[in-house]
Each structure stands twice: as C-alpha cells, then as structure tokens.
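One structure is given here, and the rest of the page talks about it.
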Amino acid sequence: MSAEGLSRRRFFGLAGAGTAGVIAAGAAGGAIGRATAGEPLAPPASTATDAVPFTGEHQAGIVTPAQDRLHFVALDVITDDRAELVEMLQAWTAAARRMTAGQDAGEVGAVEGGQYAVPDDTGEALDLPASGLTLTIGFGPTLFTTADGVDRFGLADRRPGPLAELPAFPGEAIDPAISGGDLCVQACANDPQVAVHAVRNLVRLGAGVVSVRWSQLGFGRTSSTSSAQATPRNLFGFKDGTDNLKAEAPKALDQFVWVADDDPGADWLAGGSYVVTRKIRMRIEQWDTATLADQEQTIGRTKKAGAPLGQAAEFDPVDFAVQVDGQPAIPVRSHVALAHPTNSGTAILRRGYSFVDGSDGLGRLDAGLFFIAYQRDPETGFVQVQRNLRTDAMNEYVQHTSSAVFACPPGVTGPDDWWGRTLFS
Ligand SMILES: C=CC1=C(C)c2cc3[nH]c(cc4nc(cc5[nH]c(cc1n2)c(C)c5CCC(=O)O)C(CCC(=O)O)=C4C)c(C)c3C=C
Ligand SMILES: [Fe+2]
C-alpha cells in the first residue's frame, strides 16, 4: 500500500485520538466516580475511533465494550466444496484483520490498483477511522447437517450437542426468512458506515460460496458489557444493561459465557461461546399509552434512575424482600423479577441493539430490540431465561419474530490462524 493509501485512514485514526482521548477520559471519570472505595477500577474506555485488537483468546465483539452500531448478517453456504469454504474463511480472516485495524479490505485497496483493476475494497470507509470495529463469526447448526440431514462438509460428528435449533416459545411469530443461517457475522462499530462496509466486503469476498440469508441493522446499544460504560436506554425509554454480565467479572464469564475445556465440542470450541439472536418487535404505540407507574411495574425498575423498585439508585442491589404496602416492591411478574438469576437460575451476556425498520403500513413503527445473547450453553442460557419469562408482564408489549443460534469459535491467535481453523483442521 502506498504512503498515501496507508495515511488516509491511519492518519485520521491517529489524529482523532487526541480529542477523543479527552472525551474518553471524561467518560472513564464517570465510572471512577461511581465506584465505591475498595472496588477495583474499571479499565479506561478506549476512544470511539480506536481499533479493537482482532486477535486474542476469545473473539472480539463479545465482551468488548458494546459499540453503538450493529450490522448482523446470517449467510447460507451455497457450495458443497469444503475446500472452497475453507478458502473463503481464510480470505475473510485476512480481510477482517485489515478492516478492524482501519485498513482497506484488500492489500491493494479501494483506489490504489489503477484504472483497469477491480478494486479489492469497496471504498465507502476510506477516510474513516477503525471506529472500534469488531467482527465476530459463528457457525449455525445447519452448517454441520442440513435440515434434511445432509452432511455437506464432513462436519456432522463435530456438532456439539448444545448447538441445536431453539425450541418454540408461546406467543412468538417466527419468520423463517429472517431466521437461522449456516454462518453469521456480527459487525459492531461506532460508525454505522464502518460496520456496513465490513459486512459488504465479506459478502463480496464470499461470492459463489455463501449467499446472504438475512441481515439486521441496529443502533443505540441496549446493553453495557463493561462497567466503564454508561447504561443506555432502549425504545421503551428504560435503562437497559444495568445488571448485565460485564467484562470486569471474568469468573462469571467463565461460568456463564465461555465454553470450557470439558464442555461438549471443546476440541474446537473451547474459549468460544454460543450466540442467540431474537428480533423482538416492540409495540411502541401501545406502550406509549401506559402510565409511568404501569411501565415501571412492568419492568421492575424506575424509568428515571433505572433503580430496582424499592431502591434509590441504578446499581443498588435487586432485593425481592423489599415490600411496599404489603406487596413486593418488584412485582413477581415484572421483567426484572423473572429474568434475574435469583429466579431464572442462570445468567447470560446481553449485547442487543434497537432497530427501527420504518413503519408497518398501519402507521405503527416497525421497531424493537434485536436481542443478542452470548452464553456457554443455549439451553441453560437463553432458553432457560426465556422459559422463565412465560408470565412476563412485558409480553403484552413484545413479540419475537426471528430466531437464530450459532457457535462462535475461540479467538484467532497468531498471524497464520484463521476463523474456523480449529473446526476444519
Ligand atoms: C431471554 C432473555 C431476555 C429477553 C428476550 C429480554 C427482552 C427484553 N428486555 C428488555 C428490557 C430490559 N431487560 C432488563 C433486564 C434483563 N433482561 C434479561 C433477559 C432478557 N430480556 C435479563 C437476564 C435481565 C437482567 C435481570 C437482572 O439480573 O436484574 C432490563 C432492566 C435493566 C437491566 O438490568 O438490564 C430492561 C429495561 C426489553 C425491552 C426486551 C424485549 C424487547
Ligand atoms: Fe430484558
């Protein structure tokens, strides 16, 4: 790459770090202010424009502090040739390494290859910094065996038991056209154009090997995955992510998120995780007619502070023993009561995003939460919590319309490693 090709995006990233660093210092200050004496301090937040390391023990994009934007894509493999699939995964890894570092997808770049070459990058991220881009890959159950039982790639006996289609749940209206998939890529970034660029270039590199099954754009993260982050609000106007699993709690992550050495499929999946995605339509107009008291009783937390009902501040502990007028302050059918580990018996790492896909032709917003959860086993993670939400007061206001599950391999470690090596080698 020429000096100019290198400098156009790299220079911006470096130059931008100065100001953004000041903003980040302020944000980290907020977190320090919140911490009580004796608590370990959260690591300083990186800036919104910085690059997130692509390599590591675990894939980036799981406990990485949740970025503000999402482009999630599920793909079907359209070749039966295992070698072609492996070659594509290697090409994807090389491109992902480059794009997460703020570089073009290919070595030549969007504009450096001369007038008569097809560019190996599409160009819409030229001049943009890395923007915290993470790319996280997952393998769906149908990659191992198709729905009609065909083992296309000799992987059938490598499917871990927990990687199974999710069961049906009451009240859902799952659309198969926006569910499932052989592969997924979760692209998160602080600039939507950077996330979309990354997915577009991976899909371009996969031509003839994969085709896009469905994809989803998201904005406004609806969770925090680090205690250095302020809790965002979801489209119901409530703080969402307060009681999430966080990067600063490695023991809880080992217990609930990372596949361990003695778990099923550990020969290729140890250090990885399972991701469950659910597109959840939120009945915004109906919610907007509910009183503030009804809304708070439905969630189980206050709208302003995000405090558990019966408590004062957001991070006060959820205490189901607190009573108001002889009744539990947190109603037993509230979302928080049923989702809390005390009652669900488990924990998941939530990493979802709001979506607004326009309106539905009846004047209502086609909007909601693209729910993403990472866990060590979907059955004892999402499925267990979702079963416990059967009587959730919030069910009146939401409906699940898409569903998918993928096994996400461990992180890419060295310069020769590639996405899926442990599975395909
Ligand atoms: C099956 C898992 C879950 C689904 C599906 C889900 C949907 C969903 N949640 C909100 C809003 C909030 N959820 C909150 C907490 C919370 N939610 C889940 C799980 C699912 N949510 C868990 C495990 C928890 C944590 C419970 C606890 O430990 O206290 C909150 C409160 C703030 C917080 O702790 O994050 C809100 C608000 C919506 C709108 C929604 C579907 C559209
Ligand atoms: Fe929730």
Side-chain angles (χ1 to χ4, degrees), residues 66 166-167 169-172 174 218 220-225 227 229-246 249 252 256-257 274-284 286-287 290 295-311 313-320 330-331 334-356 365 367-375 378-405:
L166 296 177
F169 296 97
E172 66 183 17
I174 302 300
R221 64 183 168 88
T222 59
S223 63
S224 300
T225 52
S227 40
Q229 294 185 291
T231 314
R233 290 183 188 271
N234 62 31
L235 293 181
F236 283 161
F238 276 73
K239 290 190 178 182
D240 203 341
T242 304
D243 232 343
N244 201 10
L245 292 177
K246 305 249 162 88
F256 294 112
V257 176
Y274 294 90
V275 64
V276 168
T277 68
R278 307 280 288 186
K279 186 172 185 177
I280 307 177
R281 174 92 181 257
M282 289 161 67
R283 298 183 174 120
I284 304 286
Q286 191 180 324
W287 179 261
Q295 294 182 2
E296 292 186 337
Q297 296 278 309
T298 300
I299 299 294
R301 285 182 176 266
T302 63
K303 197 166 189 177
K304 187 171 183 202
L309 295 182
Q311 311 280 11
E314 182 186 357
F315 294 99
D316 285 350
V318 171
D319 183 350
F320 297 110
I330 302 176
S334 67
H335 183 65
V336 161
L338 294 167
H340 193 272
T342 307
N343 298 318
S344 72
T346 190
I348 51 181
L349 183 135
R350 290 169 287 143
R351 211 180 195 284
Y353 288 83
S354 295
F355 71 86
V356 176
L365 279 179
L369 170 63
F370 187 72
F371 180 85
I372 302 178
Y374 285 89
Q375 59 257 281
E379 181 61 34
T380 54
F382 170 80
V383 172
Q384 189 168 320
V385 183
Q386 183 61 23
R387 285 204 174 112
N388 216 47
L389 296 179
R390 194 178 60 255
T391 54
D392 188 353
M394 201 174 68
N395 289 345
E396 188 183 336
Y397 300 101
V398 301
Q399 185 168 49
H400 293 219
T401 61
S402 93
S403 179
V405 60

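These numbers come from a predicted model, not from an experiment. Every number for a ligand or one of its atoms is a count from 1 in the order of the listing.
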Report yes or no: does Arg387 contribute a side-chain atom to a donor-acceptor pair with the main-chain N or O of Gln384 at less than 3.5 Å?
no

Heavy atom to atom 17 (N) of ligand 1, shortest distance: which of Arg387, Gln384, Gln399, His335 holds it?
His335

Considering only non-hydrogen protein atoms, determine which one is nearest to atom 25 (C) of ligand 1 and report residue, atom name and distance to 0.1 Å.
Arg350 NH2, 3.4 Å

Going by an N to O cut-off under 4.0 Å, is there a salt bridge joining Arg278 and Glu172?
yes

Do me a favour and list the nearest non-hydrogen protein atom to atom 30 (C) of ligand 1 with residue, atom name and distance?
Asp240 OD1, 3.9 Å

Nearest protein heavy atom to atom 32 (C) of ligand 1, by residue and atom, and its distance?
Lys239 O, 3.5 Å

Within the distance-only criterion (no hydrogens, no angle test), does the side chain of Asn234 pair as donor or acceptor with the backbone N or O of Ser354 below 3.5 angstrom?
no

For the residue pair Lys279 and Phe371, would you count it as a cation-pi contact if the rule is NZ or CZ under 6.0 angstrom from the ring centre and within 45 degrees of the ring axis?
no

Atom pair OH (Tyr397) and CZ (Arg281), whose distance is rounded to the nearest 0.5 Å
15.5 Å

I need the nearest protein heavy-atom contact for atom 40 (C) of ligand 1: residue, atom name and distance, please.
Met394 CE, 3.3 Å

How close does the nearest protein non-hydrogen atom get to atom 39 (C) of ligand 1, and which residue and atom is it?
Asn234 ND2, 3.6 Å

Any salt bridge between Arg221 and Asp240, counting N to O under 4.0 Å?
no

Ligand 1 to Val385 polar contact by distance, N or O atoms, under 3.5 Å:
no

Spacing of Ile299 atom CD1 and Phe236 atom CZ [to the nearest 0.5 Å]:
6.5 Å

Whether the side chain of Ser334 engages the backbone of Gln297 through a donor-acceptor N/O pair (distance < 3.5 Å, no angle test) should be reported.
no

Considering both backbone and side-chain atoms of Asp243, is one of its nitrogen or oxygen atoms within less than 3.5 Å of a nitrogen or oxygen in ligand 1?
yes

Non-hydrogen atom of Gly368 closer than 4.0 Å to ligand 1
no

Among all protein heavy atoms in this structure, tell me which lies nearest to atom 22 (C) of ligand 1, with the distance rounded to 0.1 Å.
Ala339 CB, 3.4 Å

For atom 27 (C) of ligand 1, what's the nearest protein heavy atom and its distance?
His340 CD2, 3.5 Å

Please state which protein non-hydrogen atom is closest to atom 4 (C) of ligand 1 and give its distance, to 0.1 Å?
Phe371 CE1, 3.4 Å

For ligand 1, which part of Ile299 has a heavy atom less than 4.0 Å away: the side chain, the backbone, both, or neither?
side chain

Salt bridge present between Glu296 and Arg301 (N-O < 4.0 angstrom):
no

